[in-house]
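Encoded as structure tokens, the structure appears first; notes follow it.
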Amino acid sequence: MLHDAVTSTTRWALFLDVDGTLLELAETPEQVYVPERLKSLLSEVAEHMDDAVALISGRTIENLDELFTPLKLRASGVHGAERRDASGRIVRAQIDTSKLQSVRDELAGFVAAHEGLLLEDKSFALALHYRLAPQMQAKALAAVTSIVDRLGHEYVLQTGKCVYEIRPSAWTKGTAVRAFLSETPFAGRVPIYIGDDVTDEHAFDVVNELGGMSVRVGDAAATLARFRLPRVADVHEWLHSLPLPAPLARAS
């Protein structure tokens, strides 16, 4: 449990994953729901923390803004490949997407040929969702792995909950956290990162290195996170407990 380590006098910076952390997972990315009370809560937390709060997501920033409108927090999208800084400027990675363009139609054709699969095009990345067709997991993995092998070192395979994603190798949620912590209002603060998936492990690693608090949501057989919260509802309850966060259980 956290005791003296979590105090109201500490200057925290808060980084929050979205799907599976702030929001319950849905059958498709478009079906998630953001309650108005959550928007209000995040607004209040950001005000309390002098705006040192950021969403760190695999979604695009444009999609995050649509979900959380009218709220516009600092945000990183597509696993760090794009980021809205404190000035409101969106910084996008300089990536040659021509290789990804060359395989986009191939992956779309694979999805079209198998009912229940969904292709999410994020410009910098391609995500193949199989939540509605779990029997396709092995074939989906084989298809995406074959493509990643041909793309070369610029892209890697990112696994997630019922999703396989082709993303740029040079950017992660961890690089996004580092970038935020180098600028106002995050600089000089102690980072807290809360996430639920394999995609958040890079951020946990960075936060641990910097002496912050890494929190995994849900049950995880293996994680770098040092603390845990069981459910999305517990994340909301914990946020409500600010400015002095409630103690968290150690990750096993």
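Judged purely by distance below 3.5 Å, without hydrogens or angles, the side chains of Ser87 and Asp85 pair a donor atom with an acceptor atom. For the 3.5 Å distance criterion, the side chains of Glu24 and Tyr33 fail to qualify, holding no donor opposite an acceptor.
Side chain of Glu27 to main chain of Arg131: no donor-acceptor pair is present (N/O by atom type, distance under 3.5 Å, no hydrogens or angles). The backbone N or O of Thr69 lies less than 3.5 Å from a partner atom in the side chain of Lys39, making a donor-acceptor pair. With Thr60 contributing its side chain and Asn63 its backbone, the two residues share a donor-acceptor pair below 3.5 Å.
Taking a cutoff of 4.0 Å between a charged side-chain nitrogen and a carboxylate oxygen, Glu183 and Arg83 qualify as a salt bridge. Taking a cutoff of 4.0 Å between a charged side-chain nitrogen and a carboxylate oxygen, Arg59 and Glu66 do not qualify as a salt bridge.
Just one residue in the list Tyr193, Trp12, Phe15 forms a ring-ring contact (aromatic ring centres under 6.0 Å, His included) with Phe186, and that residue is Phe15. For the pairing with Thr199, the side-chain contact (heavy atoms from CB on, under 4.5 Å) check across Glu165, Lys161, His79 returns one residue only, His79.
The distance from the CG atom of Leu119 to the CZ atom of Arg104 is 8.0 Å, given to the nearest 0.5 Å. Note that CG of Leu126 and CG of Asp121 are 5.0 Å apart. Values are rounded to the nearest 0.5 Å. Rounding to the nearest 0.5 Å gives a distance of 13.0 Å between CD of Glu154 and CD1 of Ile166. Separating the CD atom in Glu44 from the NE2 atom in His240 is a distance of 7.5 Å, to the nearest 0.5 Å. Atom CD of residue Glu106 and atom OG of residue Ser146 lie 6.5 Å apart, to the nearest 0.5 angstrom. Summarising the geometry, atom CG belonging to Leu239 is positioned 11.0 Å from atom CG belonging to Asp234; distances are rounded to the nearest 0.5 Å.
Two residues are said to be in side-chain contact when any heavy atoms from C-beta on lie closer than 4.5 Å; Arg250 and Phe227 meet this criterion. Within the 4.5 Å cutoff, no side-chain heavy atoms of Leu73 are placed close to those of Leu64. When side chains are defined from C-beta on, Val34 does not count as touching Leu71, because their heavy atoms never get closer than 4.5 Å. Counting heavy atoms from C-beta outward, Arg167 and Val156 have side chains that approach closer than 4.5 Å. Looking at Glu30 and Leu118, their side chains come closer than 4.5 Å, going by heavy atoms from C-beta outward. Counting heavy atoms from C-beta on, the side chains of Leu141 and Leu157 come closer than 4.5 Å. Considering only heavy atoms from C-beta on, Leu41 stays 4.5 Å or farther from Arg37 through its side chain.
Under the 4.5 Å side-chain heavy-atom criterion for Ile, Leu, Val, Met, Phe, Trp and Tyr, Leu14 and Ile56 are members of distinct hydrophobic clusters. In this structure, Leu55 is a member of the same hydrophobic cluster as Trp238, with clusters built from ILVMFWY side-chain heavy atoms closer than 4.5 Å. Both Val217 and Leu23 are assigned to one and the same hydrophobic cluster, defined by single-linkage of ILVMFWY side chains at heavy-atom distances under 4.5 Å. Val177 and Val190 fall into different hydrophobic clusters, where Ile, Leu, Val, Met, Phe, Trp and Tyr residues are linked whenever their side-chain heavy atoms come under 4.5 Å apart, directly or through other members.
Asp219 CG: 12 or fewer foreign heavy atoms inside a 6.0 Å radius. Heavy-atom contacts from other residues, nucleotides or ligands closer than 6.0 Å to CD of Gln94 number 12 or fewer. The number of heavy atoms from other shown groups lying within 6.0 Å of CD (Glu47) does not exceed 12.
Nearest heavy atoms, Asp17 versus Asp19: OD2-O, 3.1 Å.
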Mind running side-chain contact (heavy atoms from CB on, under 4.5 Å) on Tyr164 and Val148 for me, showing each step along the way? CA-CA 11 Å; Tyr164 294 119; Val148 170; over 6 Å; no
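Judged by a 6.0 Å distance limit and a 45° cone about the ring axis, Arg216 is not positioned over the six-membered ring of Phe204.
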